[in-house]
Amino acid sequence: MRLATWNVNSIRARAGRVVDWLVREDVDVLGMQEIKCKPEQFPLDEFEAAGYDVIAHGLNQWNGVAFASRLPMTDVETAFAGQPGFLKGAEGPDQPLEARALGITVDGIRMWSLYVPNGRGLDDPHLAYKLDWLARLREETTRWMAANPGSPLALMGDWNVAPTDEDMGDPSFVPGLSTHISPPERAAFSAFLDAGLIDVVRPLVPTGYTFWDYKQLRFPRNEGMRIDFILGSPTFADSVTAAHIHRDERKGDAPSDHVPVSVDLAAGDDDDLDRPMIF
DNA sequence: ATGCCTCGCGTCGCGAGA
């Protein structure tokens, strides 16, 4: 199985490009972020013509997450337990949920398409929202892993955090002044690794960015950021046989500012991985 | 540099993105 994540920056502006890539790369399941539309506005026909079913979760022109899959999708959730909401200018609990998380199960694998809040600025209420959102997601992930020991889980999406200095190549992001690299954001990300999740791409693709700003020739200068990740539970990580950052998708006409990230998994219906080794 | 792109909205200026 080939599984991928991609912040598409408007699916209506990018459907042709996304479907072409899915077919060309033989992708089975794609988690998308920033579809920027409601489900009834999603360009379903182009996906269905290529053999993909779509589940979309979008509330308005902002955010929005979706899955496209050639395999059956079950157990759909449009938010994780404890997910906080946000409304600009509002404070306290009971702010409305945004369309930033979508969970499904495919072939026994629990997977989430996640669009972590941007943060906007170190002094902005959106940063507190981002940190709370990540902390709540980490708590729910820990709870889920304890309740489902040994079950494969993949958290994939746009995390809006550059976890190490090697992941930040955009000179406009300044330590002490900028989001994405601040110590609390990095701590919120590394808490997932502490909880037992594994970055399944980095060991196989040790360098490279997944995002380049549209402005200031960031892509030609390769001044990008690695902020899109696939984190897996141990059993999920054990099944990963390959990983790719599809850098070429930043080229050509009307690209997203993010590129897709994919992993290949050993076939789920053979039991080679469970067979005891005999010497 | 309050800038530089790109997108959606809703009518050409603004919020949001990272």
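Letters go in sequence order (proteins before strands), and every chain restarts at 1. Model, not experiment: these values are computed from the prediction.
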**Request:** Report the distance from atom CZ of Arg17(A) to atom P of dC7(B), rounded to the nearest whole Å.
**Result:** 11 Å
**Message:** Whole angstroms only, please: what is the CD-P distance between Glu98(A) and dA16(B)?
**Reply:** 10 Å
**Rounded distance (Å) that lies between atom P of dC5(B) and atom CD of Glu223(A)** = 14 Å
**Prompt:** Partners of Asp53(A) by salt bridge (Lys or Arg N to Asp or Glu O under 4.0 Å), sequence neighbours excluded?
**Reply:** none
**Fill in**
Taken to the nearest whole Å, CD1/Ile227(A) to P/dG17(B) is 12 Å
**Asked** Which part of the nucleic acid does Asp124(A) contact within heavy-atom distance under 4.0 Å: base, sugar-phosphate only, or nothing?
**Response** nothing
**Request:** For nucleotides dT11(B) and dT2(B), find the distance between their C1' atoms and express it as a whole number of Å.
**Result:** 24 Å
**Request:** Would you kindly give the CG-to-C1' distance between Asp257(A) and dG8(B), to the nearest whole Å?
**Result:** 15 Å
**Message:** Heavy atoms from C-beta onward define the side chain here; which of dC9(B), dA16(B), dC4(B) lies closest to that of Arg12(A)?
**Reply:** dC9(B)
**Prompt:** Is the closest side-chain donor-acceptor distance between Glu34(A) and Asn7(A) under 3.5 Å?
**Reply:** yes
Could you go through residues 39-52 of chain A and list every donor-acceptor pair under 3.5 Å that involves a side-chain atom there, pairing it with any protein atom two or more places apart or in another chain?
{"residue": "Gln41(A)", "atom": "OE1", "partner": "Lys38(A)", "partner atom": "N", "Å": "2.9"}
{"residue": "Tyr52(A)", "atom": "OH", "partner": "Leu22(A)", "partner atom": "O", "Å": "3.4"}
{"residue": "Tyr52(A)", "atom": "OH", "partner": "Val27(A)", "partner atom": "O", "Å": "2.5"}

**Fill in**
From CZ of Phe219(A) across to C1' of dC4(B) the rounded distance in Å is 19 Å
**Message:** Looking at Arg218(A), I'd like to know whether one of its side-chain N or O atoms comes within less than 4.0 Å of OP1 or OP2 on dC5(B).
**Reply:** no
**Message:** At 4.0 Å (heavy atoms only), tell me whether Ser10(A) reaches a base, stays on the sugar-phosphate, or touches nothing.
**Reply:** sugar-phosphate
**Request:** State which of dC4(B), dG17(B), dG8(B) makes the closest approach to the side chain of Lys36(A).
**Result:** dG8(B)
**Request:** Report the distance from atom CD of Gln216(A) to atom P of dG17(B), rounded to the nearest whole Å.
**Result:** 19 Å
**Request:** Return the set of residues passing salt bridge (Lys or Arg N to Asp or Glu O under 4.0 Å) with Asp28(A) (not counting sequence neighbours), or none when no residue passes.
**Result:** Arg70(A)
**Asked** What nucleic acid atoms does Asp213(A) come within less than 4.0 Å of, heavy atoms only: base, sugar-phosphate, or nothing?
**Response** nothing
**Complete:** Winner on side-chain proximity to Ala13(A), out of dG17(B), dC9(B), dC7(B), is dC7(B)
**Prompt:** If you draw a 6.0 Å radius around CG in Asp194(A), do more than 12 non-hydrogen atoms from other residues or ligands fall strictly inside?
**Reply:** yes
**Row check, Phe192(A) ring normal vs Arg138(A) NZ/CZ: under 6.0 Å, within 45°** = no
**Prompt:** If you check the Arg120(A) side chain, which of dC7(B), dA16(B), dC4(B) turns out closest?
**Reply:** dA16(B)
**Asked** Are any of Arg100(A)'s side-chain N or O atoms less than 4.0 Å away from OP1 or OP2 of dG17(B)?
**Response** yes
**Message:** Need one value for Tyr115(A): base, sugar-phosphate or nothing, where a base atom within 4.0 Å counts as base even if backbone is also close, heavy atoms only.
**Reply:** sugar-phosphate
**Prompt:** Closest nucleotide of DNA chain B for Phe173(A) versus for Lys215(A): which of these residues is on the 5' side?
**Reply:** Lys215(A)
**Request:** For a side-chain contact (heavy atoms from CB on, under 4.5 Å) with Met225(A), tell me which candidate from Thr210(A), Asp170(A), Val161(A) qualifies.
**Result:** Asp170(A)
**Request:** Please name all residues satisfying salt bridge (Lys or Arg N to Asp or Glu O under 4.0 Å) with Arg12(A), sequence neighbours left out, ordered by chain then number.
**Result:** none
**Message:** Under 4.0 Å from OP1 or OP2 of dA16(B): is there any side-chain N or O of Lys88(A) that close?
**Reply:** yes
**Nearest-Å distance for atom pair CD/P, residues Glu34(A) and dG15(B)** = 18 Å
**Prompt:** Any idea which of dG17(B), dC4(B), dC7(B) is nearest the Arg14(A) side chain?
**Reply:** dC7(B)
**Any residue of residues 55-64 of chain A with a heavy atom less than 4.0 Å from an atom of DNA chain B** = Gln61(A), Trp62(A)
**Message:** My understanding is that only residues two or more places apart in sequence, or in another chain, count here; which of them pass salt bridge (Lys or Arg N to Asp or Glu O under 4.0 Å) with Asp248(A)?
**Reply:** Lys251(A)
**Message:** Over all strands shown, is Asp158(A) touching base, sugar-phosphate only, or nothing at heavy-atom distances under 4.0 angstrom?
**Reply:** sugar-phosphate
**Message:** Taking the P atom in each of dA1(B) and dG15(B), what is the distance between them to the nearest angstrom?
**Reply:** 23 Å
